[in-house]
Amino acid sequence: AQSVTQPDIHITVSEGASLELRCNYSYGATPYLFWYVQSPGQGLQLLLKYFSGDTLVQGIKGFEAEFKRSQSSFNLRKPSVHWSDAAEYFCAVNSGGGADGLTFGKGTHLIIQP
Amino acid sequence: SAVISQKPSRDICQRGTSLTIQCQVDSQVTMMFWYRQQPGQSLTLIATANQGSEATYESGFVIDKFPISRPNLTFSTLTVSNMSPEDSSIYLCSVEPGQGADTQYFGPGTRLTVL
């Protein structure tokens, strides 16, 4: 069975500082990987996704993520965070093909200090 | 992507009653999914709803508790039956637009509180 681990429950970052959120997955084949963001009281917004090809993917809002097969990781990064980035971030995986539901990590709560 | 709406956005219900949540999409989609997000928790897939076939439920979720309808390619409902306080959660629908998108887009969610 596939699984996703986000080891950091909470992360606090100063505004303007860089950010890295960790995600490790367990999956028997080539995974389809996603990062979603959930702002308070909102649904989930897709930040970026990786299916194949270039292992560094760019997303919206200045986020990027790097797929590392050897480490089973898909970490999310942003060079300079803004106060509006405060939210819950979820890493997710599925098998691709459009027919499977997503398996989510437990999420990382990002706090931005002024 | 797709524009997805859900009704109601929130509700407070009494124990033992049922609530039907609606999910409407602005385009025709084959795959729709229903998820539950319990307070402070991550999202868990309840079921997959394809038009023209019975919904497929994940382990731990049963049709009698969470009946799903999918009458056409733009609409689905999830009913939470015989509710208890443990059903207090956010319920989200998502769609996979097809045409090779392989990506799910989520509705805003329905926040349910059961007293």
Side-chain angles (χ1 to χ4, degrees), chain A residues 1-10 21-25 27 29-53 57 59-60 65 74 87-110, chain B residues 1-7 9-10 21 23-25 29-51 53 55-61 66 68 78 89-111:
Chain A
Q2 58 203 35
S3 65
V4 178
T5 301
Q6 294 180 246
D8 303 306
I9 298 174
H10 300 278
L21 302 182
R22 296 184 290 167
C23 172
N24 292 95
Y25 66 90
Y27 190 68
T30 301
Y32 281 42
L33 294 158
F34 307 84
W35 275 99
Y36 288 88
V37 60
Q38 186 178 38
S39 299
Q42 303 294 313
L44 269 70
Q45 183 180 23
L46 177 69
L47 285 176
L48 47 78
K49 58 188 178 184
Y50 173 78
F51 294 165
S52 64
V57 293
I60 63 171
F74 188 56
E88 192 81 18
Y89 290 80
F90 292 97
C91 183
V93 64
N94 73 1
S95 63
D100 289 344
L102 291 163
T103 298
F104 283 86
K106 292 186 180 298
T108 297
H109 184 63
L110 177 62
Chain B
S1 64
V3 178
I4 305 162
S5 60
Q6 287 186 232
K7 291 182 181 179
S9 58
R10 59 177 62 228
I21 302 168
C23 179
Q24 180 76 51
V25 191
V29 296
T30 301
M31 307 295 298
M32 295 183 77
F33 305 86
W34 287 98
Y35 291 81
R36 181 177 72 181
Q37 185 178 22
Q38 294 177 300
Q41 302 297 313
S42 185
L43 285 82
T44 301
L45 180 66
I46 297 172
T48 302
N50 295 337
Q51 195 271 333
S53 62
T56 303
Y57 289 83
E58 297 298 301
S59 175
F61 297 96
F66 297 102
I68 289 171
L78 169 76
S89 297
I90 299 172
Y91 292 86
L92 299 102
C93 70
S94 74
V95 304
E96 200 283 333
Q99 298 180 337
D102 294 332
T103 301
Q104 290 183 31
Y105 297 92
F106 285 81
T110 295
R111 183 180 294 272

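In the text below, chain A, chain B and the rest are named by the order of the sequence lines, each starting its count at 1. Computed from a prediction, not measured in an experiment: that's the story for all the values here. Note: hydrogens, waters and symmetry copies are ignored here, and every other heavy atom, side chains too, is used.
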query: Do you know the tightest heavy-atom contact between B:Y105 and A:K49?
result: OH-NZ, 4.5 Å
- prompt: Under the 3.5 angstrom rule, does the side chain of B:Y35 hit a backbone N or O of A:L102 as a donor-acceptor pair?
  reply: yes
- request: Look at atom CD1 of A:I9 and say whether more than 12 heavy atoms of other residues, nucleotides or ligands are closer to it than 6.0 Å.
  value: no
field: Nearest heavy atoms of A:F34 and B:D102, plus distance in Å
entry: CZ-O, 3.4 Å
Proximal component of A:L46, with respect to chain B [non-hydrogen, under 4.5 Å]: side chain
- prompt: Backbone N or O of A:G105 within a donor-acceptor pair of the B:S42 side chain at under 3.5 Å?
  reply: yes
field: Residue A:Q38 versus chain B: region with a heavy atom under 4.5 Å
entry: side chain
query: In terms of heavy-atom proximity below 4.5 Å to chain A, should B:L92 be classed as side chain, backbone, both, or neither?
result: side chain
Inter-residue atom distance B:Q37.CD - A:L44.CG, 0.5 Å rounding: 7.0 Å
